[in-house]
Each structure stands twice: as structure tokens, then as C-alpha cells.
Protein chains: 2
Amino acid sequence: MSASKRDVLIQRAFKIFQENGFHATGMDKLVKLTGVSKTAMYRHFRTKDDLILAVLKLRDEQFRNWLVQRIEELAQTPEQQLLALFDVLGEWFERDDFKGCMFIKASAEYQDDSHPLKVASAEHKRLLLVYFSNIAARTKAQDPGLLARQLLMLKEGAIVTAHLQGIEDVAREARKAAEVLLHAALAPE
Amino acid sequence: MSASKRDVLIQRAFKIFQENGFHATGMDKLVKLTGVSKTAMYRHFRTKDDLILAVLKLRDEQFRNWLVQRIEELAQTPEQQLLALFDVLGEWFERDDFKGCMFIKASAEYQDDSHPLKVASAEHKRLLLVYFSNIAARTKAQDPGLLARQLLMLKEGAIVTAHLQGIEDVAREARKAAEVLLHAALAPE
DNA sequence: CAACACATGTACCGATCGGTACATGTTGTC
DNA sequence: GACAACATGTACCGATCGGTACATGTGTTG
């Protein structure tokens with residue numbers, strides 16, 4: 001019960017941070033919007049940074065689980081899965097609650113490389129890279145690691161563009177670029 | 001004199017915001033680090049947001065001027081100029097004071113689409129898109145607009161990746177991807 | 001019922017937030 | 001030198017920041 005209540009707390013805090021930013025969201029607002037008392041909040045999390053870190057950890061799990069599941073539902077071959085990333089991105093962008101990537105935003109507000117929140121953000125991106133590198137390695141791409149890194153760069157760019165300029169066609173055009181990169185990697189001249 | 005002093009003020013504020021973030025930087029710190037008094041600061045800028053907006057406007061000018069100049073120094077044909085973007089990005093990443101893109105960070109802290117700081121950030125990206133669309137239009141690319149948007153997505157992804165994961169090889173690998181995209185756009189099957 | 005451990009809400013802490021009132025230079029003009 | 005116009009520094013405003021002290025429930029165990 002304590003664990004699940006904690007998770008509910010984290011989930012609500014996630015929404016609030018995602019919509020308002022980290023520094024811009026005070027503990028008073030969090031306490032009010034989550035419904036718990038301040039004492040209870042600080043019993044679960046020693047500091048605000050601890051709370052944010054817990055939010056990032058939960059978000060990392062949930063996002064990667066969702067991404068992997070959707071990709072493997074949509075595509076079976078590794079080649080198709082690499083491209084399906086961008087279809088899933090499109091689904092994400094279309095959601096009403098799409099507010100950009102929380103890890104990009106966290107690294108924007110906590111820039112010091114040694115800051116736990118930046119470390120956690122970098123770790124999230126690293127885990128995604130591991131996943132896609134493994135997929136790429138199952139293709140006949142000449143340099144699977146390079147291909148994975150390039151596709152993930154495209155992914156970050158699509159997210160930033162969708163958040164900043166609007167979502168229209170972004171995922172579709174990113175997918176087209178991904179197709180070109182994939183075909184070139186498979187059939188080099 | 002007043003104008004140039006104002007510009008100096010903006011320039012110093014830029015550095016401080018770039019290194020510490022917007023919400024995390026208080027006016028007291030800005031006043032202390034820029035050397036002016038608080039009264040003088042508030043005579044030049046009515047509010048903190050006004051100051052940030054002025055910082056973004058100056059940064060927009062300086063960054064685009066620098067980017068255009070370097071690209072045109074490095075390359076003459078439109079095809080080469082599209083690729084030179086990524087060489088210039090590499091130069092930027094190598095700088096000691098590289099701290100990511102201020103406009104991405106501003107849009108992370110001020111998410112409301114109607115917020116002047118987000119508007120200014122989107123406008124910066126739009127102006128870059130106009131510039132590269134014009135270059136792409138001078139190539140034989142089938143869909144120059146698409147190519148420009150894809151290359152700029154790659155650019156944003158490279159910036160985010162360099163800021164979050166480290167700069168190593170990022171610009172070079174982004175350029176390789178750009179080469180593939182460019183060649184495919186020029187010589188479609 | 002008594003005694004205890006623990007969860008909760010509230011009132012409050014010093015520090016800092018963005019922003020201003022006001023007293024004190026400093027300057028140009030006559 | 002007198003005076004107006006403006007620039008400056010400082011002290012301060014109410015609000016909010018992250019975080020805590022403490023008084024008041026609320027079971028749980030004898």
C-alpha cells in the first residue's frame with residue numbers, strides 16, 4: 001500500500017512537473033495538487049530533487065516499456081522495428097498530453113553533468129541507445145551502432161521540433177528520413 | 001552609449017542564463033554579476049521576462065549571423081552549404097562555452113504556446129528553416145522543403161545529443177546522415 | 001483503558017523571489 | 001552657484017521558495 005501510494009504520488013507529480021517545469025513548480029503547489037500533506041510528502045521524499053529523481057525513474061521505465069511494446073506490436077523484422085520507432089513517436093505527439101520529452105527538459109534545467117537529474121536523463125537516453133543498437137545489430141547494416149545513433153538523433157530532433165514548432169507531419173517526415181538512412185545503411189554503394 | 005551599454009548588459013545576462021537556466025537565475029544574481037544596480041536594470045528592462053526576451057532576440061541575431069557567415073565561408077554550392085551546417089555545428093560543440101541551445105531550453109521552461117519566450121524561440125527556428133529552405137530550393141532536390149525540415153530535425157537532434165550525452169562524434173555522424181539524405185533527395189530512384 | 005509508535009495537518013522558519021520607494025548623487029543649463 | 005532632470009544605490013515590499021517543528025489524531029499492543 002505504501003509503495004503504490006508512493007507511485008500514485010509520483011505519477012501525479014509527473015503530470016504537474018511536465019506541465020509547469022521543475023523550478024517553476026513549488027512544493028506547496030505539489031502538495032496542494034497531489035492532495036497529500038507536506039509532512040507526508042517529505043516522509044516519502046527527503047528533498048524536492050529526490051522527488052524529481054523518482055519521477056524521472058518512473059517515467060524512464062514507463063516510457064521505455066511503452067515504446068518497446070508498441071514497436072514490437074507494430075513490426076516484427078528489425079528493419080521494420082527501426083522505422084516503427086517513428087510511427088510510435090507520431091502516436092505520442094498526437095496525444096493531448098504531449099508536452100515534449102521530460103528528460104530533455106530536465107537536462108535543460110539541471111545542466112551540471114554531475115547533477116543526479118542530468119545523470120538520470122543521460123541514462124535514459126543511453127538505455128534507448130542500447131535497445132536500438134541491439135535491433136540495428138540484427139540487420140545487415142554495415143555500421144549498426146552508427147545507424148542507431150543517427151536514428152536516435154533524428155528522434156530527438158523530431159521531439160524538439162514537435163514540441164517547439166508543432167506536431168504536424170513531423171513524425172512522418174522523420175520516418176521518411178529514417179527510411180533513407182536505413183536503406184543506405186543496408187545497401188551501401 | 002545607452003544602447004551599447006544595454007547590449008553589454010544583455011550579453012552578460014545571456015551568459016548567466018545560459019549557464020544557470022532561467023527560473024534558477026534570480027534578478028539579484030543578475031544584478032550582482034552584471035555589476036549594474038537593480039534600479040538601472042529595471043530602467044532598461046521592465047520585467048525579468050523582458051530581459052530574457054531581449055537576450056533571446058540578441059542571441060537569435062548573433063547565432064544566425066554567425067551560422068550563415070561560417071556556412072558561406074566553408075561552402076559555395078547549395079549542396080555543400082547544406083552539409084556545412086553540420087561542420088559549423090561541430091565547431092560550436094567544441095567551444096568551451098557550449099551549453100546547448102538557448103531556445104530549446106527556453107521552450108522547456110516556458111511551455112505555453114502563447115508565452116512570448118516560447119514564441120520567440122519558435123520564431124528563431126522558423127527563421128533558420130526559411131534560410132535552409134532557400135538553400136535547398138537552389139539544389140535539384142525533389143522536395144526542397146522536406147529536405148530542409150529533415151536536416152533541421154537532424155540539427156536539433158545533434159544539439160540535444162551533444163548537450164545530453166557529450167559531443168564526441170555527434171556532429172560528424174549527423175553530417176554523415178545529412179549526406180545520405182541529401183544524395184537521396186538529389187538522385188531518387 | 002493506558003501507553004506507545006507513528007501518520008497527519010498546520011503553522012512557521014530563514015532565504016530568496018520579482019519588483020519598488022526613496023534618498024542621494026551627477027549632470028546640463030542658465 | 002541655483003535649480004531642474006535624470007541616473008544610481010540601497011533598503012525594503014509582500015509573496016513564495018524548500019524544508020521543519022510541533023501539536024494533534026489514529027491505530028496497535030499490553
Side-chain angles (χ1 to χ4, degrees), chain A residues 1-10 12-57 105-106 108-112 114-118 120, chain B residues 1-57 102 105-106 108-112 114-118 120:
Chain A
M1 159 224 151
S2 174
S4 88
K5 184 162 190 178
R6 192 184 132 107
D7 278 1
V8 170
L9 214 54
I10 297 176
R12 291 190 187 161
F14 163 73
K15 260 193 201 171
I16 301 167
F17 281 128
Q18 183 78 317
E19 288 170 10
N20 300 282
F22 297 103
H23 283 99
T25 305
M27 290 301 275
D28 287 326
K29 180 185 268 183
L30 281 165
V31 161
K32 184 178 295 181
L33 293 184
T34 55
V36 302
S37 76
K38 212 162 184 180
T39 314
M41 180 70 88
Y42 273 95
R43 198 170 41 77
H44 285 298
F45 310 99
R46 283 179 46 261
T47 64
K48 184 186 181 183
D49 278 7
D50 272 14
L51 168 60
I52 300 179
L53 192 59
V55 167
L56 291 186
K57 289 230 190 287
K105 293 193 283 188
E109 293 204 46
Y110 304 93
Q111 305 196 64
D112 189 349
S114 66
H115 195 295
L117 299 181
K118 174 144 184 187
Chain B
M1 161 226 150
S2 173
S4 89
K5 185 162 189 178
R6 192 185 133 107
D7 278 0
V8 170
L9 213 54
I10 296 175
Q11 199 72 45
R12 290 190 189 160
F14 163 73
K15 259 191 201 170
I16 301 167
F17 281 129
Q18 184 78 316
E19 287 169 11
N20 300 282
F22 297 103
H23 283 99
T25 305
M27 290 301 275
D28 286 327
K29 180 186 268 183
L30 281 165
V31 161
K32 184 178 293 179
L33 293 184
T34 54
V36 302
S37 77
K38 213 163 183 180
T39 314
M41 181 69 89
Y42 274 95
R43 200 170 41 76
H44 285 298
F45 311 98
R46 285 178 45 261
T47 65
K48 184 186 182 184
D49 278 6
D50 272 15
L51 168 61
I52 300 178
L53 192 59
V55 167
L56 291 186
K57 289 229 190 288
M102 167 161 274
K105 293 192 283 189
E109 293 203 45
Y110 305 91
Q111 305 197 63
D112 189 349
S114 65
H115 196 295
L117 298 181
K118 175 142 184 190

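- The side chain of B/M27 has C/dG18 as its nearest neighbour among D/dA21, C/dG18, D/dT8.
- For A/S37, a side-chain nitrogen or oxygen approaches OP1 or OP2 of C/dG9 to under 4.0 Å.
- When rounded to the nearest whole Å, the span between NZ of A/K48 and C1' of D/dT16 equals 11 Å.
- If you check distances only, the side chain of B/T39 does reach the base of D/dT10 with a donor-acceptor pair under 3.5 Å.
- Side-chain contact between A/D28 and A/K38 is present, with at least one heavy-atom pair separated by less than 4.5 Å.
- With DNA chain D read from its 5' end, the first of the two nearest nucleotides for A/A24 and A/R46 is the one closest to A/A24.
- Following rounding to the nearest Å, A/H44 (NE2) and D/dG19 (C1') show an atom-to-atom distance of 17 Å.
- The distance between atom OH of B/Y42 and atom P of D/dC6, rounded to the nearest whole Å, is 23 Å.
- Computed from coordinates, the B/R43 CZ to C/dG18 P distance equals 20 Å when rounded to whole Å.
- In this structure, A/K48 and A/T25 approach most closely via the heavy-atom pair NZ-O, 2.8 Å.
- Side-chain atoms of A/K105 never come within 3.5 Å of backbone atoms of A/G21 as a donor-acceptor pair (strictly under, hydrogens ignored).
- Separating the CZ atom of A/F45 from the C1' atom of D/dG18 is a distance of 16 Å, rounded to the nearest angstrom.
- Here D/dC17 presents its C1' atom at 8 Å from NZ of A/K38, a figure rounded to the nearest Å.
- Using modelled atom types, no side-chain atom of B/E109 and backbone atom of A/A24 make a donor-acceptor pair closer than 3.5 Å.
- Look at NZ on B/K29: it is 18 Å from P on D/dC17, rounded to the nearest Å.
- B/D28 has its CG atom 12 Å from the C1' atom of D/dA11, to the nearest Å.
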